[in-house]
Number of protein chains: 2
Amino acid sequence: MMYAMELRLLRSFVVVADELNVGRAATRLHLTQPSLSRQIAALEHDLGVELFARVKKRFVLTAAGESFLVDARQLLERADEAVRDAQRVHRGELGTLRLRFVQSATFEVLPRLLGAFRAANPDVVLDLETMTTIRQTEALREGRIDVGLFRLGVARGLETRVISRDPLVAALPTVHRLARRKRISLADLAEDPFVLYTRATGPTVFDTIVGHCRAAGFEPEVTQEAADVQTIVSLVAAGLGVSLLVAPTPRIDPEAVVYRELSDDLPPWELSVAWSPENRSPVLARFLDLVRGPETR
Amino acid sequence: MMYAMELRLLRSFVVVADELNVGRAATRLHLTQPSLSRQIAALEHDLGVELFARVKKRFVLTAAGESFLVDARQLLERADEAVRDAQRVHRGELGTLRLRFVQSATFEVLPRLLGAFRAANPDVVLDLETMTTIRQTEALREGRIDVGLFRLGVARGLETRVISRDPLVAALPTVHRLARRKRISLADLAEDPFVLYTRATGPTVFDTIVGHCRAAGFEPEVTQEAADVQTIVSLVAAGLGVSLLVAPTPRIDPEAVVYRELSDDLPPWELSVAWSPENRSPVLARFLDLVRGPETR
DNA sequence: AGAGTTGATACGCACGATGCATGATGTACG
DNA sequence: CGTACATCATGCATCGTGCGTATCAACTCT
């Protein structure tokens, strides 16, 4: 069905229904009385229904008019809301930010970032999940997510910015012979069994650590692999071996595990924000303002 | 804030968003491409927000466009609904019928009437309540209710139509000396105590019954009054006296109370529908179609 | 490189909404 | 009871705006 009905007619109708007097309503609408009279007539013609009963030159809403008034008010209200929402989405105040991150970002960087973003954009829905580095870059390129947080690696076709440089530390069981030392060197651990990230899920982490060991003159004996930090720390606590982790580290089992600085001059482990330059999401823009702003100083 | 936004623009926007091709969308809308192009531009100008990203002469919805599309669809949907509802209200298919009735209508007439009306108008909300005759006529004149159902009395300024003529019957305790007789005359009850409707709430009922008794040659001894039929029947069941009621009668205490026809040639007790001729409610019109239709044969 | 799409812009026209003047009808009040 | 006032509808001229035709500009595909 094709109605010629327009919001302009609804706006007029609501005012006339409010005043129940065409002349006064016309003044409020900056129109003349005849013009408004014809608008109402046109609306009634469109609907095929009388909205006002002209009883003795006086306007009264009909039952159909009462019903339509309620709906017209709601309609105008919702139209305004739709406009406001579109504008807010445009400004990035409203929408969804799809953010993925590696586990080691969860301990310090992520809470700090999200806290600041939440405060500035309370109406943005945050779609959060952990994801490995490789899958993040894929998802970013295909536009399935907006922001990635991962360590190492240049991502072709993606923009990145380092937001944190964190040292590697050694995780030792409290009962370990070196646990009393404040700093240790990698070479000290040459004979120890290692617990490391599963190579299958993220080869860079595994390979980099093994590379550091070789540079220190030994081939690490990896007795156990695990897919997440928590498990690795638990295994270290249980005495299955030592490990190398990125600081800040999880505070589980503080009685059973200690973290020690490394005296070796290892390059810092960089945490980067990554996004696609093709992604025009205003919410992403807001997020990047936050990330780039303070760092550009 | 004054938006020039009109539904016409929304209708166009939805189609363009659907096709993502101005030319094809224009064909569907029976417009030319330039015209539609300008409509979209005008809409974007109104909102102050780009709805489409023109990337390489190809249309893609922006985030704001996505948001606005959802709302625009909903808005158009609701606009149609508002029109349909107004039309249904006009036809009396939608709305409220405010119906009041005296107690004696509840046993047979009311269920029959409402059953038929409900079947024909399932979306009309029925606002039902018992109300005394006098208060019904007041409420009808003041437009507070649509239909009244009461007995006796001409109501000035109201239209009425008799829909049921019911005989008076005598209510006797089962243990009464006349309970075995099939028909009795009023004069037989000359010495019995009477239980009647409270005169204060409805004088016509009380006075008419007393009038019948006098015509039968005795002054009834009213030992007890009560405001509703149920109570009266209970009192008769308890042996406090006899009563005269309109048939059909409530089926409470069938062991303790019997109803007997009267041999006197009393005028039937008429039940009327009443309404105000000023009331333009389409729902009322539908109701009257039902009431008048079958009766006019 | 050239043909074919596709969206934006220019220009003239025509329809429609507006304002002014007036008519029709009802109300208030002396 | 009649006249002045109020209120909504209608006739008519005008102005604005949205539309179509023609054309341009930019990108795609072969």
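Chain letters run A, B, ... following the sequence lines, proteins first, then strands; residues in each count from 1. What's counted below: heavy atoms across the whole structure, side chains too, no hydrogens, waters or symmetry copies.
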Exercise. Could you state the atom-to-atom distance from CD of B:E44 to C1' of C:dG7 in whole Å?
Key: 12 Å
Quiz prompt | For atom CZ of B:R54 and atom P of D:dA25, their distance in whole Å | solution = 19 Å
Check the interface with nucleotides 11-18 of chain D: list each N/O to N/O pair with the protein under 3.5 Å, or write none.
unit_1	atom_1	unit_2	atom_2	d
D:dG11	O6	A:R38	NH1	3.1

Exercise. Salt-bridge test for B:R11 and A:E6: reply yes if a basic N is under 4.0 Å from a carboxylate O, no otherwise.
Key: yes
Quiz prompt | Of the listed nucleotides D:dT7, D:dA9, C:dG7, the one nearest the side chain of A:R24 | solution = D:dT7
Quiz item: Are a donor atom and an acceptor atom from the side chains of B:Q39 and B:S12 found within less than 3.5 Å of each other?
Solution: yes
Quiz item: Roughly how far, to the nearest 0.5 Å, is CE of B:M5 from NE2 of B:H45?
Solution: 14.5 Å
Quiz item: If you measure from the Lys or Arg side-chain nitrogens to the Asp or Glu carboxylate oxygens, is any gap between A:R91 and A:E93 under 4.0 Å?
Solution: yes
Self-check item: B:F287 and B:F117 aromatic ring geometry - parallel, tilted or perpendicular at 30°/60° bounds
Solution: perpendicular
Self-check item: Contact nearer the 5' end of DNA chain C, comparing A:L31 with A:V55
Solution: A:L31
Quiz item: Between A:T32 and C:dT18, does any side-chain N or O lie under 4.0 Å from OP1 or OP2?
Solution: no
Exercise. Considering just the side-chain nitrogens and oxygens of A:S37, establish if one lies under 4.0 Å of OP1 or OP2 belonging to D:dA9.
Key: yes
Quiz prompt | B:N21 vs C:dT6: side-chain N/O to OP1/OP2 distance below 4.0 Å | solution = yes
Self-check item: Test: A:D71 and B:R78 ion pair at under 4.0 Å
Solution: no
Quiz prompt | Atom pair distance, as rounded to whole Å: CD in B:E6 and P in C:dA17 | solution = 11 Å
